[in-house]
Amino acid sequence: MTDTTNNDNNKYNLKLIGSMKKEAPYDKVWNLAWHPNGEILATCANDKYIQIWSKDTNDKWGLVQSLEGHEKTVRRVAWSPCGRFLAGASFDASTSIWEKSKDELEFTHVSSLEGHTYEVKSVAWDSTGTLLATCSRDKSIWIWQMEDDNDFECLSINSGHGQDIKCVLWHPNEELLASSSYDDTIKFWKDIDGDWECINTLTGHESSIWDLAFNKDGDKLVSCGEDKMVLFWKFDKENEKWINIFKFKNENSRPVYSIDWSSLTNRIVTGSADDSIIFYEQESDDTPDKYKIILKKKNAHDSDVNCTKWNPKFKNILASCGDDGFIKIWELQGN
């Protein structure tokens with residue numbers, strides 16, 4: 001495992017190409033998610049709504065619809081792989097499921113998943129769109145299966161973390177679930193003969209782990225957290241376990257809240273409470289397990305950057321949101 005603080009940011013530029021603003025007092029935008037077609041954004045803020053954004057005929061981003069289905073803040077949103085369904089995890093202890101009409105930006109509330117006893121912090125669909133995972137302040141992970149009639153059956157309730165669970169994330173190609181927690185660990189969960197079990201626990205962070213991201217092939221994982229570190233993990237096939245291969249520390253002055261790994265460019269982006277966005281990439285083809293910073297955008301927002309997400313269809317396009325109420329669309333320009 002290698003530790004580095006090197007910076008190589010002379011060849012790249014981050015261009016702002018779109019900006020939307022949430023109005024006070026509900027102006028802290030927690031999370032966003034790109035529709036699989038790359039042309040629609042879903043966001044959630046410190047109100048009870050999920051908001052849908054897209055471009056108008058003048059190529060300008062604007063609010064299309066606000067979805068109301070919760071009694072408290074919605075903390076995370078996630079599109080199904082087909083783009084037909086949208087899930088929202090809320091502090092009211094429920095997860096809402098919305099169905100998008102085939103040709104229009106119209107949504108119908110089709111289900112509400114209940115069972116957690118405290119705030120739901122994260123929600124994620126698997127690669128097939130049939131399994132959904134939710135996690136909560138109640139220290140549990142629920143795994144749901146979507147039925148043909150849009151109903152959901154709870155397949156498993158998993159307890160293994162010692163504190164609040166911040167994030168759940170499915171492997172891009174396998175029925176494998178990763179989770180991260182206030183207990184400073186990452187856990188992997190798998191269906192073993194009908195029972196979902198924890199098959200691996202990773203330690204290395206020194207505080208709460210806020211977010212996770214797999215690379216396209218699913219053989220590497222990145223994590224970020226309250227300790228201001230970004231850790232890179234790799235699956236060791238020979239020993240059938242995940243190992244820490246690289247880390248960045250002290251690149252941010254405050255916690256790193258968000259991380260995403262582009263399936264199009266293999267680049268990584270983070271958002272931090274120090275208002276910055278940082279971009280990383282593989283150091284070289286000869287050193288596939290070493291990474292470097294290619295650009296740090298200071299003051300990307302006027303306050304905490306809560307979420308950064310790569311566009312799934314258009315290379316080097318990403319979106320960010322923050323406590324300043326702005327949702328911003330960026331283009332990473334350069335080599």
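Atoms considered below: every heavy atom in the structure, side chains included; atoms not considered: hydrogens, waters and symmetry mates. Values in this document were obtained by computation on a predicted structure and should not be read as measured data.
Side-chain contact between Met229 and Glu206 is present, with at least one heavy-atom pair separated by less than 4.5 Å.
Ring to ring, Phe152 and Trp142 are not that close: their centroids are 6.0 angstrom or more apart. A ring-centre distance under 6.0 Å is found for Tyr280 and Phe248.
For Lys313, the NZ atom is loosely surrounded, since the number of other residues' heavy atoms within 6.0 Å does not exceed 12. Under a cut-off of 6.0 angstrom, the local environment of CZ in Phe107 is crowded, with over 12 non-hydrogen atoms contributed by other residues, nucleotides or ligands. Shown here is Phe314, whose CZ atom has more than 12 heavy atoms of other residues, nucleotides or ligands within 6.0 Å.
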Are Lys121 and Asp164 close enough, and set up right, to give a salt bridge (Lys or Arg N to Asp or Glu O under 4.0 Å), and what steps lead you there?
CA-CA 9 Å; Lys121 299 291 185 73; Asp164 297 16; 3.4 Å; yes
For salt bridge (Lys or Arg N to Asp or Glu O under 4.0 Å), just list the numbers for Lys28 and Asp324, CA-CA rounded to whole Å, side-chain angles, deciding distance to a tenth of an Å, and then say yes or no.
CA-CA 6 Å; Lys28 291 185 178 182; Asp324 61 1; over 6 Å; no
I'd like to know whether Arg84 forms a salt bridge (Lys or Arg N to Asp or Glu O under 4.0 Å) with Glu99, so could you lay out the CA-CA distance, the side-chain angles of the two residues, the decisive distance to 0.1 Å, and finally the verdict.
CA-CA 6 Å; Arg84 180 181 170 189; Glu99 184 175 10; 2.6 Å; yes
Decide side-chain hydrogen bond (donor to acceptor under 3.5 Å, both in side chains) for Asp184 and His205; before the verdict, give the C-alpha distance in whole Å, the side-chain angles of both, and the deciding distance to 0.1 Å.
CA-CA 6 Å; Asp184 312 345; His205 278 281; over 6 Å; no
Assess the residue pair Ser223 and Asp211 against the criterion (side-chain hydrogen bond (donor to acceptor under 3.5 Å, both in side chains)); give the C-alpha distance rounded to whole Å, side-chain angles, the decisive distance to 0.1 Å, and a yes or no.
CA-CA 6 Å; Ser223 56; Asp211 205 10; over 6 Å; no
What verdict does the side-chain hydrogen bond (donor to acceptor under 3.5 Å, both in side chains) test give for Trp189 and Ser179, after you've listed the backbone C-alpha separation in whole Å, the side-chain angles of each residue and the deciding distance to 0.1 Å?
CA-CA 8 Å; Trp189 309 82; Ser179 61; 2.9 Å; yes
Can Asp59 and Lys55 be said to form a salt bridge (Lys or Arg N to Asp or Glu O under 4.0 Å), step by step?
CA-CA 5 Å; Asp59 207 33; Lys55 290 182 180 180; 3.3 Å; yes
Does the pair Lys166 and Ser180 meet the rule for a side-chain hydrogen bond (donor to acceptor under 3.5 Å, both in side chains), with working shown?
CA-CA 6 Å; Lys166 290 299 303 178; Ser180 66; over 6 Å; no
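Side-chain atoms of Trp79 come within 3.5 Å of backbone N or O of Ala33 as a donor-acceptor pair. The main-chain N or O of Glu240 is never found under 3.5 Å from a side-chain atom of Asp236 such that the two would form a donor-acceptor pair. No side-chain donor-acceptor contact under 3.5 Å links Thr287 to the backbone of Lys290. With hydrogens and angles disregarded, no donor-acceptor distance shorter than 3.5 Å links the side chain of Asn252 to the backbone of Val256. Side chain of Asp260 to backbone of Val269: no donor-acceptor contact under 3.5 angstrom is found. Ser136 places no side-chain N or O within 3.5 Å of a backbone atom of Lys139 that could act as its donor or acceptor partner.
Atom CG in Asn37 sits 8.5 Å away from atom CG in Asn311 (nearest 0.5 Å). For the atom pair CG (Leu221) and CG (Leu169), the distance works out to 7.0 Å, reported to the nearest 0.5 Å. The distance from the CG atom of Leu332 to the NZ atom of Lys315 is 12.5 Å, given to the nearest 0.5 Å. The CD atom of Gln145 lies 5.0 Å from the CD atom of Glu147; values are rounded to the nearest 0.5 Å. Put simply, CD1 on Ile52 and CG on Leu105 are 7.5 Å apart, with the number rounded to the nearest 0.5 Å. Remark: Ile277 CD1 to Lys296 NZ distance equals 12.0 Å, nearest 0.5 Å.
A salt bridge links Lys234 with Asp289: at least one charged nitrogen is closer than 4.0 Å to a carboxylate oxygen. In summary, Lys292 and Glu283 do not engage in a salt bridge, as defined by a charged side-chain N under 4.0 Å from a carboxylate O. Comment: Lys15 does not engage Glu331 in a salt bridge, judged by the lack of any side-chain N to carboxylate O separation of less than 4.0 angstrom.
Side-chain contact, Lys22 with Gln51: a donor N or O sits under 3.5 Å from an acceptor N or O. There is a side-chain donor-acceptor pair under 3.5 Å between Ser156 and Asn158. In the model, Trp30 has no side-chain atom that pairs as donor or acceptor with a side-chain atom of Thr73 under 3.5 Å. Looking only at atom types and distance, the side chain of Ser19 has no donor-acceptor partner in the side chain of Lys328 under 3.5 Å away. Between the side chains of Ser96 and His109, not a single donor N or O lies within less than 3.5 Å of an accepting N or O. Defined by atom type and a distance below 3.5 Å, a donor-acceptor pair is missing between the side-chain atoms of Trp170 and Ser127. Side-chain atoms of Trp210 and Ser208 form no donor-acceptor pair, as typed in the model, at a separation below 3.5 Å. Side chain to side chain, Asn306 and Asp323 meet the donor-acceptor criterion of an N or O pair below 3.5 Å. Side chains of Ser258 and Thr308: a donor-acceptor N/O pair is present below 3.5 angstrom, by distance only. When only modelled atom types and interatomic distance are considered, His301 and Asp275 share no side-chain donor-acceptor pair under 3.5 Å.
Phe279 pairs in a ring pair (Phe, Tyr, Trp, His ring centres under 6.0 Å) with only one of the listed residues (Tyr291, Trp261, Trp310), which is Trp310. Partner Phe188 forms a ring pair (Phe, Tyr, Trp, His ring centres under 6.0 Å) with one of Trp242, Trp233, Phe235 and no other, that one being Trp242.
Annotation: cation-pi geometry not satisfied between Lys72 and Phe91 (NZ/CZ under 6.0 angstrom from ring centroid, within 45° of ring axis).
Cluster membership for Ile259 and Leu231, using ILVMFWY side-chain heavy atoms within less than 4.5 angstrom, is not shared. In the hydrophobic clustering of this structure, Leu202 does not group with Val168; members are Ile, Leu, Val, Met, Phe, Trp, Tyr whose side-chain heavy atoms approach within less than 4.5 Å, directly or through other members.
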